[in-house]
Amino acid sequence: MLTAVKNQWRVCLLSLKYNMMRQMLNKVTFLSNIAFMMINNAAFIVQWVILFRLEKQIGGYTFQEVMLLWGLSASSYGLSKIVCARAFALPELIIGGKLDAYLVIPKNVLLSVITSETNTSAIGDLLYGIVVFCVVCFRIDRLFLFLLFTITGAVIIASFALLMGSLTFWFVRANVFGDHMTMGMISFGTYPDGLFHGGVRFLIYFVIPAGMAIYHPVHMMMRFDMGGLLTVAGYAAGILTAAVFVFYRGLRRYASGSLMEARM
């Protein structure tokens with residue numbers, strides 16, 4: 001059992017490695033995508049600098065806390081797109097009948113699908129998040145938490161994308177709904193949660209998991225709470241389990257597109 005799991009993860013790491021090597025064949029394009037993504041993210045710092053010149057706090061957040069929010073959002077999203085890029089493109093595979101190529105290979109279907117592609121520009125997101133953390137709010141005791149919450153955030157974001165994408169097994173147009181829900185989570189995660197009230201606050205904490213992926217971890221990095229840490233870890237494990245369950249239940253309904261592709 002342990003050997004099988006170890007072999008599956010080894011295959012996934014090799015897939016990630018070869019995806020990255022393929023992207024690096026054109027080094028200029030590879031580095032440009034990373035650099036432009038970092039510049040694009042950094043442009044929003046100007047917006048917050050101007051706003052904080054007018055107000056000392058926005059939504060209960062200081063400038064340092066907002067930068068920590070942006071850093072964690074960017075690094076979590078970047079890591080999820082580097083490792084599990086295809087989790088965000090699952091509806092395209094289902095609708096186009098392109099899962100056939102993954103069903104005939106002797107590997108775990110889900111792991112094979114979600115790790116079969118890497119998003120180059122997402123490396124820029126990950127690096128940007130780390131740089132922002134190191135420049136604006138670095139502390140040794142916070143570093144471990146930042147790296148840990150980057151991983152839990154990536155798990156939650158990728159799992160939510162997989163969960164939304166798996167709805168396409170039942171509803172053809174679910175891809176539109178799923179894309180909006182996933183991007184909504186990312187967008188909400190870059191603004192202080194103190195700005196949201198009533199139904200919107202309920203949405204970001206109990207429907208779109210921005211609360212557990214971003215907000216709750218940021219609060220704990222400022223004021224650590226072991227119970228909160230266990231809550232976030234448990235939530236990440238729970239949503240991952242739910243996403244895997246829904247994917248395989250939906251896979252039973254999958255209708256082949258009669259497409260033959262060779263996977264090397």
Side-chain angles (χ1 to χ4, degrees), residues 1-25 30 33 76-123 125-126 150-172 174-175 178-179 181-183 185-186 209 213 236-264:
M1 178 66 177
L2 290 176
T3 302
V5 172
K6 182 179 179 180
N7 289 338
Q8 289 292 344
W9 281 109
R10 183 179 297 169
V11 169
C12 290
L13 290 175
L14 285 173
S15 178
L16 178 62
K17 174 184 175 181
Y18 292 132
N19 287 336
M20 198 69 69
M21 290 173 63
R22 187 165 59 248
Q23 296 287 343
M24 292 177 66
L25 288 176
F30 178 77
N33 286 338
S76 298
Y77 179 69
L79 182 60
S80 68
K81 292 279 282 187
I82 291 170
V83 180
C84 307
R86 274 286 168 87
F88 298 82
L90 183 60
E92 175 190 340
L93 300 179
I94 297 172
I95 295 171
K98 297 179 181 178
L99 286 181
D100 297 6
Y102 302 93
L103 298 176
V104 296
I105 54 180
K107 295 189 294 182
N108 181 281
V109 176
L110 178 56
L111 287 177
S112 298
V113 171
I114 64 176
T115 61
S116 62
E117 187 176 291
T118 294
N119 188 305
T120 305
S121 60
I123 300 174
D125 285 314
L126 177 61
T150 292
I151 295 172
T152 59
V155 169
I156 293 172
I157 292 170
S159 297
F160 186 68
L162 176 62
L163 194 58
M164 292 295 100
S166 295
L167 296 179
T168 309
F169 284 118
W170 288 273
F171 311 103
V172 175
N175 61 316
D179 287 344
M181 292 290 281
T182 302
M183 294 312 300
M185 177 178 61
I186 304 303
I239 194 172
L240 175 60
T241 301
V244 172
F245 174 77
V246 172
F247 173 81
Y248 280 108
R249 283 298 298 268
L251 193 61
R252 298 177 185 177
R253 300 171 53 88
Y254 175 69
S256 170
S258 299
L259 298 178
M260 296 301 293
E261 296 183 16
R263 298 287 304 174
M264 301 302 292

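Note that the numbering runs from 1 along the sequence shown for the chain. Atoms considered below: every heavy atom in the structure, side chains included; atoms not considered: hydrogens, waters and symmetry mates.
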Pairwise distance CZ(F88) to CG(D179) - rounded to 0.5 angstrom: 10.5 Å
NZ-CD1 distance between K81 and I123, expressed to the nearest 0.5 angstrom: 12.5 Å
Interatomic distance, I82 atom CD1 to D125 atom CG [nearest 0.5 angstrom]: 8.0 Å
Inter-residue atom distance I157.CD1 - L162.CG, 0.5 Å rounding: 13.5 Å
Residues Y77, N119; criterion side chain to side chain contact (heavy atoms under 4.5 Å, CB included); working and verdict: CA-CA 11 Å; Y77 179 69; N119 188 305; over 6 Å; no
Non-hydrogen side-chain atoms of L103 and L251 separated by less than 4.5 Å: yes
Point-to-point distance, once rounded to the nearest 0.5 Å, from OG1 of T182 to CG of N175: 11.0 Å
Heavy-atom check, side chain of F247 versus side chain of L90, under 4.5 Å: yes
Min side-chain heavy-atom separation T168-I95 under 4.5 Å: yes
Minimum side-chain heavy-atom gap R249-F169 below 4.5 Å: no
Side-chain heavy atoms of V109 within contact of Y248, under 4.5 Å: yes
Shortest non-hydrogen contact between S112 and S116, atoms and distance: O-CB, 3.2 Å
Nearest heavy atoms of A87 and A158, plus distance in Å: CB-O, 4.0 Å
Heavy-atom closest pair, residues S159 and V155: OG-O, 2.6 Å
Nearest heavy-atom neighbours spanning A154 and S80: O-CB, 3.6 Å
Spacing of L167 atom CG and I94 atom CD1 [to the nearest 0.5 Å]: 9.0 Å
